[in-house]
There are 2 protein chains.
Amino acid sequence: MAAGSTRPTSRDVARAAGVSQAAVSLVLGDKWRGRVAEATAQRVREAARELGYRPNLAARNLRLGSTRTVLLVVPALTTEFFAGVYTGAARVAADHGFGVVLYPSPEGIGPARDPFASAQAALDGVIASSMAAEALTAIRGDQLPLVMLDSDPAGGTGATTVNLDIRDGVRQTARHLLALGHRRFLHLAADIPSWTFEVRARELARCLAAVPGTELRTASAPLSIDGARTAAETALSAPGPRPTALVCDDDKLAAGAYKAARRLGLRIPGDLSVTGLDDLALATALDPELTTVRLDAELFGERGMQALLAVLESREPAREDIPVTLVVRGSTAPPNAF
Amino acid sequence: MAAGSTRPTSRDVARAAGVSQAAVSLVLGDKWRGRVAEATAQRVREAARELGYRPNLAARNLRLGSTRTVLLVVPALTTEFFAGVYTGAARVAADHGFGVVLYPSPEGIGPARDPFASAQAALDGVIASSMAAEALTAIRGDQLPLVMLDSDPAGGTGATTVNLDIRDGVRQTARHLLALGHRRFLHLAADIPSWTFEVRARELARCLAAVPGTELRTASAPLSIDGARTAAETALSAPGPRPTALVCDDDKLAAGAYKAARRLGLRIPGDLSVTGLDDLALATALDPELTTVRLDAELFGERGMQALLAVLESREPAREDIPVTLVVRGSTAPPNAF
DNA sequence: CGGACGACGTTATACGTACAACTTGCAGCG
DNA sequence: CGCTGCAAGTTGTACGTATAACGTCGTCCG
């Protein structure tokens with residue numbers, strides 16, 4: 001574990017650069033104009049970079065008596081609406097050097113949880129979705145204990161991973177559609193370079209390759225309803241025999257596929273069987289209701305946290321994929337069932 | 001402003017209780033067994049309560065070298081899925097005395113934002129949705145600057161409020177449906193005691209009362225698709241002439257209404273016009289697409305943050321409702337249009 | 001030639017907490 | 001009576017940072 005040596009402080013940087021701690025603070029705080037020579041400032045910045053110095057926020061906050069952080073209390077995280085609220089608030093906050101911390105108001109979290117308890121912040125560890133690739137580099141900068149969600153278990157990061165058994169979900173989906181008699185498949189894939197999506201493609205191809213006479217095409221789409229609609233519409237109007245089964249990387253893409261089918265005059269499931277993955281509320285809002293793979297998000301979160309706790313206490317985290325189940329609804333049927 | 005006197009510290013509590021600061025720390029940290037007399041401990045606790053003492057988390061974190069806080073990086077807040085992940089993680093974390101802070105990975109928040117910047121925490125202020133009523137009492141305990149979203153502007157809290165012009169949204173909806181010729185209305189209302197919902201009911205009633213020959217019934221439903229389905233199904237099968245227009249408090253409820261209509265064999269919009277409020281992705285995933293009121297969530301967030309900044313800098317925050325627009329789609333038509 | 005001033009730093013301190021190490025008074029025991 | 005031991009605290013210190021207040025040296029001007 002890299003947790004051996006303690007994190008460098010501003011004094012360590014000072015020592016390395018041959019100046020006082022105060023000088024480091026001045027330079028790194030951009031208050032050095034006319035107080036520190038350019039050359040010295042350069043030396044300090046270099047030393048800081050070399051040591052991987054990050055200021056201790058607790059100390060800074062204590063010193064400044066302010067945190068430049070704000071709490072956003074939202075009813076729950078269940079709608080796109082408050083995602084937008086967060087985004088807007090965070091943007092303005094960032095412009096003013098503020099941060100925003102989310103507090104989703106308690107819903108089974110515990111009895112009368114104190115909102116402020118969740119905001120003691122500055123971090124001991126990180127749980128990261130593999131879809132949040134953008135943030136990862138910044139995270140690896142620190143030497144924080146890290147747990148990855150749905151990431152390559154053999155990944156180069158060496159981080160602990162907690163995965164849903166997506167492969168099995170895809171396997172169940174393929175088996176179901178094959179059993180119904182489908183042979184011509186279209187895979188509506190998310191265009192995000194993430195292990196969790198790559199594994200879907202790989203496993204679907206593997207399952208179908210095992211059955212002679214099957215055909216698999218792939219269409220790539222952005223992870224939004226309307227992006228998916230466009231991609232599906234294009235793919236479904238391509239020349240050649242039309243696929244009878246459409247396997248979507250998640251429920252949102254499936255919703256887009258429904259819109260595409262509607263536009264092309266295709267009936268679901270008569271002309272086209274559609275499957276999703278996630279089992280969002282959206283899945284049963286569609287008509288017909290969507291056959292999809294149910295993921296237990298809460299369990300996923302719990303396992304992720306447990307794994308992180310294990311790492312923090314330098315225990316061995318459990319290594320076991322979380323099972324998923326196919327929920328068969330009205331969007332799948334035998335092909336050409338008129 | 002209540003920001004006059006600075007927050008009490010453990011030393012203030014000590015002075016008030018006639019003991020040393022260390023004793024306060026022992027008592028409040030539950031480490032006093034066999035070190036402090038029960039009577040003294042009692043006195044300390046009382047003094048703490050009286051002064052409204054809250055430990056300074058920055059100082060505590062600095063002292064302990066640990067924050068018992070963990071970061072959850074999610075791709076975005078746009079799906080129910082990660083809401084579940086958060087809930088599960090937060091539950092386990094709470095059991096271990098940990099907090100969870102959300103970092104929705106950047107999507108237009110700014111160029112290469114540092115995830116950790118958002119986690120310096122301990123708060124200077126709070127932005128709260130009026131729907132998050134549960135958390136409010138805890139918040140009022142502190143004397144933090146508070147901005148309420150969509151709350152009663154004449155509310156007793158005296159907090160700054162930033163509101164969407166929901167009343168105008170309802171007005172536009174009513175006008176649209178009345179112009180189409182509807183006279184028998186059903187209001188599918190959220191069963192959450194919050195100003196933002198109360199105002200919908202009030203304004204809808206007001207609009208319809210102005211037109212002779214109109215009729216308004218109300219059904220109350222939990223804020224979920226399936227809860228709404230049940231409520232709508234019941235209300236629509238009630239005796240008497242069936243309503244021709246169904247006004248829903250938000251898009252999710254509208255999705256439930258679609259399911260109810262499907263079960264009852266009612267065609268939308270032929271037999272029943274339906275409207276929503278929010279304009280979620282869900283709205284265009286429905287068939288036919290939903291006529292709904294578009295709320296600019298990001299702008300809402302921005303205004304909320306700007307208002308909070310104004311309060312923090314003791315400026316006068318702008319007091320102006322955020323405009324909304326009715327988006328007419330396929331779910332509304334003249335009644336009995338066969 | 002004296003001293004004022006700017007450039008370049010340093011020293012010292014405070015923020016509020018948790019806890020290790022020390023003190024004090026009193027009971028009990030050999 | 002002297003000593004141990006325990007209850008009931010207190011004193012002192014460190015966590016890492018930002019910044020006010022202070023040197024020190026050379027230069028330039030009157």
Side-chain angles (χ1 to χ4, degrees), chain A residues 5-45 47-48 51-68 97 116 120-124 142, chain B residues 5-45 47-48 51-69 97 116-117 120-124 142:
Chain A
S5 56
T6 182
R7 258 176 59 168
T9 74
S10 62
R11 212 175 310 271
D12 295 330
V13 175
R15 206 170 355 246
V19 296
S20 72
Q21 178 267 332
V24 173
S25 179
L26 287 175
V27 171
L28 266 39
D30 245 10
K31 296 224 179 335
W32 57 283
R33 273 160 288 252
R35 319 240 309 132
V36 175
E38 174 60 42
T40 313
Q42 204 64 33
R43 241 170 44 237
V44 169
R45 276 189 290 259
L51 293 179
Y53 169 71
R54 288 194 168 249
N56 180 321
L57 293 177
R60 168 179 296 175
N61 291 343
L62 175 58
R63 176 65 231 258
L64 294 180
S66 153
T67 58
R68 302 195 78 73
F116 299 101
Q120 37 201 20
L123 309 165
D124 285 350
D142 271 79
Chain B
S5 56
T6 181
R7 259 175 59 168
T9 75
S10 62
R11 211 175 311 270
D12 295 329
V13 175
R15 205 170 355 247
V19 296
S20 72
Q21 178 268 332
V24 173
S25 180
L26 287 175
V27 171
L28 267 39
D30 246 10
K31 297 227 179 332
W32 57 283
R33 272 161 288 254
R35 318 242 310 133
V36 175
E38 174 60 42
T40 312
Q42 204 64 34
R43 243 174 39 241
V44 168
R45 277 189 290 257
L51 293 178
Y53 169 72
R54 289 194 167 247
N56 179 321
L57 293 177
R60 168 180 295 176
N61 292 344
L62 176 57
R63 175 65 232 256
L64 294 179
S66 154
T67 57
R68 302 196 79 72
T69 297
F116 299 100
Q120 37 201 23
L123 309 165
D124 286 349
D142 270 81

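Lettering of chains follows the sequences in order, A, B, ..., and the numbering in each one begins at 1.
- Distance, B/R33 CZ to D/dC6 C1': 18 Å, rounded to whole Å.
- The separation between A/L26 atom CG and D/dG16 atom C1' is 15 Å, rounded to whole Å.
- Here OG of B/S10 is found 11.5 Å from CG of B/L51. Values are rounded to the nearest 0.5 Å.
- Considering only side-chain N and O atoms, A/S10 lies under 4.0 angstrom from the phosphate OP1 or OP2 of D/dT17.
- Regarding B/L28, its CG atom lies at a distance of 15 Å from the C1' atom of C/dC19, rounded to whole Å.
- Dashed line: the shortest gap from a side-chain N or O of A/T40 to OP1 or OP2 of C/dG9 is under 4.0 Å.
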List the atom pairs, with distances to 0.1 Å, where a side-chain N or O of residues 31-39 of chain B and a protein N or O form a donor-acceptor pair under 3.5 Å, not counting sequence neighbours.
from  : atom 1 : to    : atom 2 : distance (Å)
B/R33 : NH2    : B/D30 : O      : 2.7
B/E38 : OE2    : B/R45 : NH2    : 3.4

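- Of the residues in residues 15-22 of chain B, those with a non-hydrogen atom less than 4.0 angstrom from any atom of DNA chain D are B/V19, B/S20, B/A22.
- The CZ-P distance, from A/R7 to D/dG16, rounds to 10 Å in whole Å.
- Counting any heavy atom pair closer than 4.0 Å across all strands shown, A/S25 reaches a base atom.
- In this view, A/R15 and A/D12 satisfy the salt bridge (charged side-chain N to carboxylate O under 4.0 Å, His left out) rule, not counting sequence neighbours.
- Across C/dG16, D/dT17, D/dT10, the shortest atom-to-atom separation from the side chain of B/T9 is found for C/dG16.
- A straight line from OH of B/Y53 to C1' of C/dG16 spans 7 Å, rounded to a whole angstrom.
- For B/A59 and B/R43, each mapped to the nucleotide of DNA chain D holding its nearest heavy atom, the one lying further toward the 5' end belongs to B/R43.
- When the nucleotides C/dG16, D/dT19, D/dT17 are ranked by their closest atom to the side chain of A/L62, C/dG16 comes out on top.
- Closest to the A/R35 side chain, of the nucleotides C/dG16, D/dA21, D/dG9, is D/dA21.
- Considering only residues two or more places apart in sequence or on other chains, A/A47 meets the side-chain contact (heavy atoms from CB on, under 4.5 Å) condition with A/V13, A/A16, A/A17.
- When all heavy atoms of B/L28 and B/Y53 are compared, the closest pair comes out as CD2-CE2, 3.5 Å.
- Residue B/D30 contributes atom CG, which lies 17 Å from atom P of C/dT17 at whole-angstrom precision.
- Across C/dG9, D/dT17, D/dT19, the shortest atom-to-atom separation from the side chain of A/K31 is found for D/dT19.
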